[in-house]
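Please find one structure pasted underneath; my questions will follow.
Numbering of residues begins at 1 and proceeds along the displayed sequence. The model shown is predicted, which means the values in this text are computed figures rather than measured ones.
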Amino acid sequence: WAEILGYTPDEIEPHLDAWEKRVHPEDADPVQAALEEHIRNGTDFYETEHRMRTADGDWKWIRDIGRIVERDDDGTPLRAVGVHLDIDERKAHEQELERARRKLRQIIDLIPDLVFAKNREGEYLLANEAAAELYGTTRENIEGRKEQDVIPEPADAAAFRQDDLEVIESGEPKYIPEEEITT
């Protein structure tokens, strides 16, 4: 882990506090809580993802997984083993994906027509503000729910479900001139 952070093994003391002082201040509390939970035998192993200060002063994302493998008669940890993985590139991709999702959400919510996506089981994966407004609810109350939970009239829900399945199974768009929706 020394080399991941840009140090040689001789430059980092082989003590827990050498690791602790390099953890990002915003990540320190959850990291410490996870470590303490493991030390108290609350978890089989310790696992966190957090930032650590590199030798050049930057921050790098690290995934730590460890386990206490030896304790004294009082239960005090004597020896632990673990792995430190460099996940900086993965975290950068995740952050870029999240930025793209936020932009897409903004665009979708600006469309004045209903926009939604459902899976084969009829669960709303996405709904825009226009859809939420039409149903008299919020996007959060639509997404993750099935049409029968969102559309109060069972016949409407069944008809919409049939339309959705036809599109999913054929892979072709379906033109529906007008529908009445009960809210």
Side-chain angles (χ1 to χ4, degrees), residues 4 23-38 42-54 58-66 83-183:
I4 288 173
V23 173
H24 192 286
E26 291 176 13
D27 301 333
D29 287 344
V31 165
Q32 191 62 38
L35 184 58
E36 287 175 12
E37 179 70 14
H38 177 62
T43 58
D44 290 338
F45 57 92
Y46 158 83
E47 182 176 14
T48 63
E49 292 184 358
H50 55 272
R51 293 160 289 181
M52 295 193 78
R53 170 105 35 216
T54 62
D58 289 334
W59 295 101
K60 183 176 283 250
W61 279 97
I62 302 294
R63 180 175 181 208
D64 280 348
I65 306 167
V83 177
H84 299 266
L85 302 170
D86 178 348
I87 59 167
D88 208 49
E89 190 173 310
R90 188 196 88 201
K91 283 291 190 176
H93 289 299
E94 288 174 358
Q95 290 168 349
E96 183 56 37
L97 182 59
E98 185 54 37
R99 279 190 290 277
R101 281 186 181 132
R102 281 194 305 272
K103 285 181 185 177
L104 179 59
R105 169 54 74 184
Q106 288 174 331
I107 293 167
I108 289 170
D109 283 339
L110 289 172
I111 297 171
D113 296 316
L114 274 68
V115 175
F116 58 86
K118 297 180 195 173
N119 62 18
R120 180 173 280 289
E121 290 72 39
E123 176 187 356
Y124 285 90
L125 305 174
L126 175 138
N128 71 347
E129 291 293 338
E133 186 176 317
L134 178 77
Y135 290 125
T137 188
T138 63
R139 286 184 295 106
E140 294 79 13
N141 285 339
I142 295 175
E143 292 172 353
R145 298 175 69 200
K146 293 192 175 186
E147 62 261 294
Q148 66 264 26
D149 301 325
V150 174
I151 302 167
E153 180 59 46
D156 289 348
F160 297 156
R161 179 85 181 112
Q162 185 58 43
D163 291 339
D164 295 342
L165 287 173
E166 286 177 25
V167 170
I168 289 170
E169 289 169 6
S170 71
E172 297 294 323
K174 179 177 181 175
Y175 176 72
I176 301 168
E178 187 175 310
E179 291 178 312
E180 187 174 304
I181 298 174
T182 305
T183 62

*Hey, could you give me the CD/CZ distance between Glu47 and Arg63, rounded to the nearest 0.5 Å?*
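So the CD of Glu47 and the CZ of Arg63 are separated by 4.0 Å.
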_Donor-acceptor pair, distance only, cut-off 3.5 Å: does the side chain of Asp64 make one with the backbone of Thr48?_
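Looks like no, no N/O pair under 3.5 Å.
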_Within-4.5 Å side-chain heavy-atom neighbours: Tyr175 and Pro177_ =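 Tyr175 reaches Pro177 side chain to side chain.
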*Is a side-chain donor or acceptor of Ser170 paired with a backbone partner of Glu172 at a separation under 3.5 angstrom?*
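Yes.
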*Residues which pass ring pair (Phe, Tyr, Trp, His ring centres under 6.0 Å) with His93, listed by chain and number, not counting sequence neighbours*: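 By the ring pair (Phe, Tyr, Trp, His ring centres under 6.0 Å) rule, His93 matches no residue at all.
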*Nearest heavy-atom neighbours spanning Ala130 and Pro112*: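 Between these two residues, the closest heavy atoms are CB-O, 3.4 Å.
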*Within a radius of less than 6.0 Å around CD of Glu94, do more than 12 heavy atoms belonging to other residues, nucleotides or ligands occur?*
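Check passes, neighbour count above 12.
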*Is Thr43 reaching over with its side chain to a backbone N or O of Tyr46, donor-acceptor style, under 3.5 angstrom?*
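No.
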*Does atom NZ of Lys174 have more than 12 heavy-atom neighbours, drawn from other residues, nucleotides or ligands, at distances under 6.0 Å?*
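It does: Lys174 NZ has more than 12 such atoms within range.
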*Is Arg120 paired with Glu169 through a side-chain N to carboxylate O contact shorter than 4.0 Å?*
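The answer is yes: the pair qualifies as a salt bridge.
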*Is there side-chain contact between Met52 and Lys60, with heavy atoms separated by less than 4.5 Å?*
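When only atoms from C-beta onward are counted, Lys60 and Met52 do not touch, as no gap falls below 4.5 Å.
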_Side-chain donor/acceptor of Asp27 to backbone N/O of Arg51, under 3.5 Å_ =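 At least one qualifying donor-acceptor pair exists.
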*asked:* If you compare all heavy atoms of Ile142 against all heavy atoms of Ala127, which two are closest, and at what distance to 0.1 Å?
replied: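 Closest pair (atom of Ile142, atom of Ala127, distance): CG2-CB, 3.7 Å.
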_Looking at every heavy atom in both Ala132 and Arg139, which two are closest together, and how far apart are they?_
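Taking Ala132 first and Arg139 second, the nearest heavy atoms are CB-N, 3.5 Å.
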_Would Arg102 and Gln106 count as a side-chain contact (heavy atoms from CB on, under 4.5 Å) here? Give the steps._
CA-CA 6 Å; Arg102 281 194 305 272; Gln106 288 174 331; 5.7 Å; no
*Would you confirm whether Asn128, through its side chain, and Val115, through its main-chain N or O, come within 3.5 Å as a donor-acceptor pair?*
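Present.
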*What distance do Glu153 atom CD and Gln148 atom CD have between them, rounded to the nearest 0.5 Å?*
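Interatomic distance, Glu153 CD to Gln148 CD, rounded to 0.5 Å: 13.5 Å.
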*Please report the closest heavy-atom contact between Glu147 and Tyr124, naming both atoms and the distance.*
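Heavy atoms only, the tightest pair is CA-CE1, 3.7 Å.
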*asked:* As an exercise, state the distance from CG of Asp149 to CG of Asn141, rounded to the nearest 0.5 Å.
replied: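 Interatomic distance, Asp149 CG to Asn141 CG, rounded to 0.5 Å: 11.0 Å.
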*In Å, rounded to the nearest 0.5 Å, how long is the span from CG of Asp113 to CD1 of Ile108?*
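Asp113 CG to Ile108 CD1: 13.0 Å, rounded to 0.5 Å.
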*Answer yes or no: is there a donor N or O on one side and an acceptor on the other, between the side chain of Asn119 and the main chain of Leu125, under 3.5 Å?*
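No, because the side chain of Asn119 does not come within donor-acceptor range (under 3.5 Å) of the backbone of Leu125.
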*Identify the heavy atoms of Arg53 and Trp59 that sit nearest to each other, and give their distance.*
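Result for this residue pair: NH2-CZ2, 2.9 Å.
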*For Leu126 and Glu143, which heavy atoms make the closest approach, and how far apart are they?*
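Closest pair (atom of Leu126, atom of Glu143, distance): CA-OE2, 3.5 Å.
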*asked:* A side-chain contact here means heavy atoms from C-beta on lying under 4.5 Å apart; do Lys146 and Glu121 qualify?
replied: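 Result yes, sub-4.5 Å side-chain heavy-atom pair found.
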*Could you give the distance from CD (Glu49) to NZ (Lys91), rounded to the nearest 0.5 Å?*
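Those atoms lie 4.5 Å apart.
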*Nearest-0.5 Å distance, CD of residue Glu129 to CD1 of residue Ile111*: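 It is 12.0 Å, given to the nearest 0.5 Å.
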_Set of residues satisfying ring pair (Phe, Tyr, Trp, His ring centres under 6.0 Å) with respect to His38, sequence neighbours excluded_ =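 In terms of ring pair (Phe, Tyr, Trp, His ring centres under 6.0 Å), with neighbours along the sequence ignored, His38 is linked to no residue.
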